[in-house]
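No hydrogens, no waters, no symmetry mates; every other heavy atom, side chains included, goes into these values. Throughout, protein chains are lettered first and strands after them, A, B, ... in sequence-line order, and every chain is numbered starting at 1.
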Protein chains: 2
Amino acid sequence: MAAQRVPADQQWLAAYDPRAYAPVAVTVDVVALTLRQGRLHVLLVERGGPPYQGCWALPGGFLRAGEEGLEEAAARELAEETGLHGTAGSDAALSRVHLEQLGTYGAPDRDPRMHVVSVAYLAFAPDLPDPRAGSDAAAAAWHPVASLDLPTAGASGDLPAAGSSGPSAETHGGGLGGRAASEPAGIELAFDHARILADGLDRARAKIEYSPLATAFLGHDFTIPELRAVYEAVWDERLHAGNFHRKVLSVPGFVESIGTTADRGGSRGGPRARQYHAGDAQLLHPPLLRPAREEEVR
Amino acid sequence: MAAQRVPADQQWLAAYDPRAYAPVAVTVDVVALTLRQGRLHVLLVERGGPPYQGCWALPGGFLRAGEEGLEEAAARELAEETGLHGTAGSDAALSRVHLEQLGTYGAPDRDPRMHVVSVAYLAFAPDLPDPRAGSDAAAAAWHPVASLDLPTAGASGDLPAAGSSGPSAETHGGGLGGRAASEPAGIELAFDHARILADGLDRARAKIEYSPLATAFLGHDFTIPELRAVYEAVWDERLHAGNFHRKVLSVPGFVESIGTTADRGGSRGGPRARQYHAGDAQLLHPPLLRPAREEEVR
DNA sequence: ACAATAGTGTCTTTAAGACATTATTTC
DNA sequence: GAAATAATGTCTTAAAGACACTATTGT
């Protein structure tokens, strides 16, 4: 059946003119996460026209075919939206942003206008300045993820299979901590961006278990209590300060002491914490496992 | 600069006619893994024309824009190439194949003819019959992964960031067990398919740590020694039979006894093993961790 | 008979988690 | 001074890994 239309050995040979087929658009969307006032935030832009006019959406745009790779495009979109430049290793703030591919979403009806395949990226950023409404009319802002309505992890159509992400996957209920009952229903996101964001949060929660990337949310120098605050915000769990401290120091290459201490103690008292910067480990061994959730305990 | 060409807030509004931009093609490629004679094999097709004429490549083809989603396309390609049908939950063999998104590859020069964005999927299959050379002239066959030249894990251009995959990522040297020194240089794969396959193997190695998917390589009923053979083939590690047995039985929901025993003992002697089938767990808790490799030990 | 293997038992080591304690800082 | 917090110490429990042992099968 299908073989007649696209014979297997001719797939790559077949007219490479895509106009022979129905057109597809390729876009790149970015789930950019940061920590502000101890809470996890995501960068969103407000849509100025239909469809989903007035809705918030993930920053993104078309891949510049023939000119750039996918990660390059994601870095460009992120730079445009945050107003920061200097991506991979170059200069400035964005050089410290971690960027990785999250997954690709390509249901035929995810955009009402045409078939759009969107490659999603996940970014971990230290506290960045507010995005300039900038070169265009669109609003762009950091939103607390807890203020958004997100689908539960797991089930999805064209998603990057819960898989990939170690022991993560379906575990968490909904968004981080959910919203207080008093709050109005969360903001609605355009297209399937709520699904993408939920997958990104899942990935982030799993990622910091096995990688030192939690440090990407902090400045160059940080204290262990600050690092703990990152884990608590991303996992939406209270962690035991003493055990966390000992655990972090016991993982080789995670953090490296720089001998100094913070300028002040905690906001509510306590001694000044020592300062560290990220070590050279790419993988945490052994990992920092999330506390077991009751639902998954048998 | 960029903002002028694609103003951020107009990206989604901009002419949705992709012909306004340089054309991009979207393809779906599948890394299909199976176990044959205790060794891991991957499904490859031989290219009948340039570029890379005569090279082997991953099975794949164009996304049918507007008609199908990405996973749907991957399942279709896999069915066409294996000659099996009945994908997700329907009937027959393919219903027991696990399929998940691996990552998307979109470097502008990965295909010499035009910018092709390829969404890669990873499939775990029980031992399937040899693919029929089938409807087209192309050869298709299962190849032992050890016979292929694969790049080391980790470094890559547009890859789905080692990330995602728990404690996996860069650890393994090259292909499974590498090739014996006597063998000629491994087969060369077309395009960046060696990179994609290497990423797929990494994902597979990580995935069976946390998920019960190793059972997807086996029939409906299997014994624990058979399951151990899967882990040994995928990880290229010898595992301790006794400890493995106890460990598997201790993970809730991993396997379920069906009371029967295998028809025969091991090929070289020993008692008949009891038979099990996959339990209902989606996640192994606690996981089956790979034995630590010396390189990553500090 | 012999060798290999399935399955179980036991011991050691490592790591996680629950407390407890002391010193230091903010309010 | 009171309360909170950084950092360290101690104890218990769970799990991984090494090893030993028996019972059962194929050659």
Side-chain angles (χ1 to χ4, degrees), chain A residues 38 167 209-210 221-232 235 237-252 254-255 257-276 283-294 296-298, chain B residues 38 167 209-210 221-232 235 237-252 254-255 257-276 283-294 296-298:
Chain A
E209 288 190 303
Y210 301 102
D221 299 335
F222 53 85
T223 67
I224 295 195
E226 283 168 350
L227 183 61
R228 175 163 47 85
V230 173
Y231 278 90
E232 291 185 333
W235 285 346
E237 302 262 10
R238 295 281 302 173
L239 299 179
H240 187 289
N243 289 341
F244 180 86
H245 190 275
R246 180 164 12 91
K247 172 67 183 172
V248 167
L249 291 184
S250 79
V251 177
F254 192 3
V255 300
S257 173
I258 56 177
T260 58
T261 66
D263 293 347
R264 296 181 29 94
S267 58
R268 281 175 292 187
R272 303 178 192 181
R274 298 181 199 137
Q275 293 180 305
Y276 299 82
L283 239 40
L284 302 185
H285 201 73
L288 270 101
L289 297 175
R290 270 174 283 187
R293 291 232 147 192
E294 299 72 30
E296 59 182 338
V297 172
R298 293 160 188 278
Chain B
E209 289 191 303
Y210 300 102
D221 298 336
F222 53 86
T223 66
I224 296 196
E226 283 168 350
L227 183 60
R228 175 163 45 86
V230 174
Y231 278 90
E232 291 185 333
W235 286 347
E237 302 260 11
R238 296 280 302 173
L239 300 179
H240 186 288
N243 289 340
F244 181 86
H245 190 276
R246 182 163 9 92
K247 171 67 183 174
V248 166
L249 291 184
S250 79
V251 177
F254 191 3
V255 299
S257 173
I258 57 177
T260 58
T261 65
D263 293 346
R264 298 181 27 95
S267 58
R268 282 174 291 187
R272 303 180 193 178
R274 298 182 197 134
Q275 293 181 304
Y276 300 82
L283 239 40
L284 302 186
H285 201 73
L288 272 99
L289 296 176
R290 270 174 284 187
R293 291 234 147 190
E294 300 72 31
E296 61 182 335
V297 172
R298 293 161 188 281

Respond yes when some side-chain nitrogen or oxygen of [X] is under 4.0 Å from OP1 or OP2 of [N], and no when none is.
X: Lys247(A); N: dA15(C); result: no
X: Arg268(A); N: dA3(D); result: no
X: His245(A); N: dA7(D); result: yes
X: Arg228(A); N: dA6(D); result: yes

Open item on the list: For Pro252(A) versus His285(A), what's the shortest heavy-atom pair and its separation?
Closed with: CD-O, 3.4 Å

Task: Minimum-distance pair of heavy atoms, taken over all atoms of Leu288(B) and Trp235(B) - done: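 Closest pair (atom of Leu288(B), atom of Trp235(B), distance): O-CH2, 3.3 Å.
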
Given [options], identify the nucleotide with an atom nearest to the side chain of [X].
X: Arg274(B); options: dA18(C), dG7(C), dT8(D); answer: dG7(C)
X: Arg272(B); options: dG17(C), dC19(D), dT25(D); answer: dT25(D)
X: Pro271(B); options: dT24(D), dA4(D), dA6(D); answer: dT24(D)
X: Arg264(B); options: dT27(D), dA15(C), dA6(D); answer: dT27(D)

Task: Tyr276(A) and Leu227(A), any side-chain heavy atoms less than 4.5 Å apart - done: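 Not in contact.
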
TODO: Would you check if Arg238(B) and Pro291(B) make a side-chain contact, meaning some heavy-atom pair closer than 4.5 Å?
DONE: no

To the nearest angstrom, how far is [X] atom [atom1] from [N] atom [atom2]?
X: His240(B); N: dT5(C); atom1: NE2; atom2: P; value: 13 Å
X: His285(B); N: dA14(D); atom1: NE2; atom2: C1'; value: 12 Å
X: Arg238(B); N: dA18(D); atom1: CZ; atom2: P; value: 14 Å

- [ ] Tell me which of Gly269(A) and Ile224(B) sits closer to the 5' end of DNA chain C, going by the nucleotide each one is nearest to.
- [x] Ile224(B)

- [ ] Examine the base of dG7(C) for any acceptor or donor lying under 3.5 Å from a partner atom in the side chain of Arg246(B), and report the outcome as yes or no.
- [x]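 For Arg246(B), whose side chain was compared with the base of dG7(C), there is no donor-acceptor pair (under 3.5 Å).
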
